[in-house]
Amino acid sequence: MTTLQRTADLFRQRRRTWIPAPALVKAGGLLAWRSRISDLRLLLGMRIENRQQRTKGGKVISFYRYSGRTEIR
């Protein structure tokens with residue numbers, strides 16, 4: 001199974017749920033998880049949203065969510 005497939009499966013299994021970036025690192029690869037999300041948007045037409053949350057210590061955590069819909073290409 002490719003990292004793209006693992007990342008797509010994670011989003012499909014957790015549809016409409018905000019997933020923290022560390023969980024996506026495990027599925028998509030340490031240095032490539034952002035590229036996998038881009039590929040899912042471009043190649044599979046998956047609608048994936050992003051939000052960021054700042055902790056009290058000033059650290060920013062990214063979260064991503066698949067809406068469960070795909071764009072028609």
Side-chain angles (χ1 to χ4, degrees):
M1 181 179 288
T2 68
T3 55
L4 183 65
Q5 291 168 324
R6 279 199 308 266
T7 306
D9 287 347
L10 177 62
F11 277 114
R12 288 180 182 130
Q13 291 166 3
R14 296 176 66 182
R15 184 173 301 192
R16 297 183 190 96
T17 301
W18 289 105
I19 303 171
L24 294 165
V25 167
K26 290 180 182 178
L30 178 62
L31 301 176
W33 65 275
R34 287 185 184 98
S35 295
R36 297 300 74 80
I37 293 172
S38 178
D39 291 344
L40 292 174
R41 288 173 173 151
L42 293 172
L43 301 176
L44 300 182
M46 294 175 74
R47 288 188 177 181
I48 299 172
E49 303 170 77
N50 172 249
R51 72 174 176 147
Q52 296 178 336
Q53 181 178 356
R54 188 173 299 275
T55 65
K56 290 181 182 179
K59 183 178 176 182
V60 177
I61 302 172
S62 291
F63 295 84
Y64 293 82
R65 175 173 69 180
Y66 171 48
S67 68
R69 297 182 300 175
T70 56
E71 298 174 2
I72 298 173
R73 300 254 170 205

Exercise. Are W18 and V25 connected in the hydrophobic side-chain network, where two residues link if heavy atoms are under 4.5 Å apart?
Worked result: no
Problem set entry | For L40 against A8, the heavy-atom pair lying closest together | CD2-CB, 3.6 Å
For this session: Give a yes or no on whether I61 and F11 share a hydrophobic cluster (residues Ile, Leu, Val, Met, Phe, Trp, Tyr; joining criterion: side-chain heavy atoms under 4.5 Å apart).
Result: no
Problem set entry | Donor-acceptor contact below 3.5 Å, side chain R36 vs main chain G29 | no
Exercise. Looking only at heavy atoms, what is the nearest atom pair of A23 and L10, with distance?
Worked result: O-CD2, 3.9 Å
Exercise. Got a second to check how far R12's CZ is from Q5's CD, nearest 0.5 Å?
Worked result: 9.5 Å
Exercise. Between T7 and W33, is a side-chain contact (heavy atoms from CB on, under 4.5 Å) present by the stated rule, with each step listed?
Worked result: CA-CA 8 Å; T7 306; W33 65 275; over 6 Å; no
Problem set entry | Candidate pair D9 and M1, rule side-chain contact (heavy atoms from CB on, under 4.5 Å), full reasoning | CA-CA 10 Å; D9 287 347; M1 181 179 288; 3.4 Å; yes
Problem set entry | Taking every non-hydrogen atom, the tightest pair across P20 and R14 | CD-NH2, 4.4 Å
Exercise. Among pairs that include at least one residue of residues 48-63, which meet side-chain hydrogen bond (donor to acceptor under 3.5 Å, both in side chains), considering only residues two or more places apart or in two chains?
Worked result: E49-R65, N50-Y64
Seminar exercise, completed: salt bridge (charged side-chain N to carboxylate O under 4.0 Å, His left out) filter on R6, not counting sequence neighbours, yields none
For this session: Using the rule that two of Ile, Leu, Val, Met, Phe, Trp, Tyr join whenever any of their side-chain heavy atoms come within less than 4.5 Å, decide whether L31 and I37 are in one cluster.
Result: yes
Problem set entry | Joint hydrophobic cluster, F63 plus V60, side-chain heavy atoms closer than 4.5 Å | no
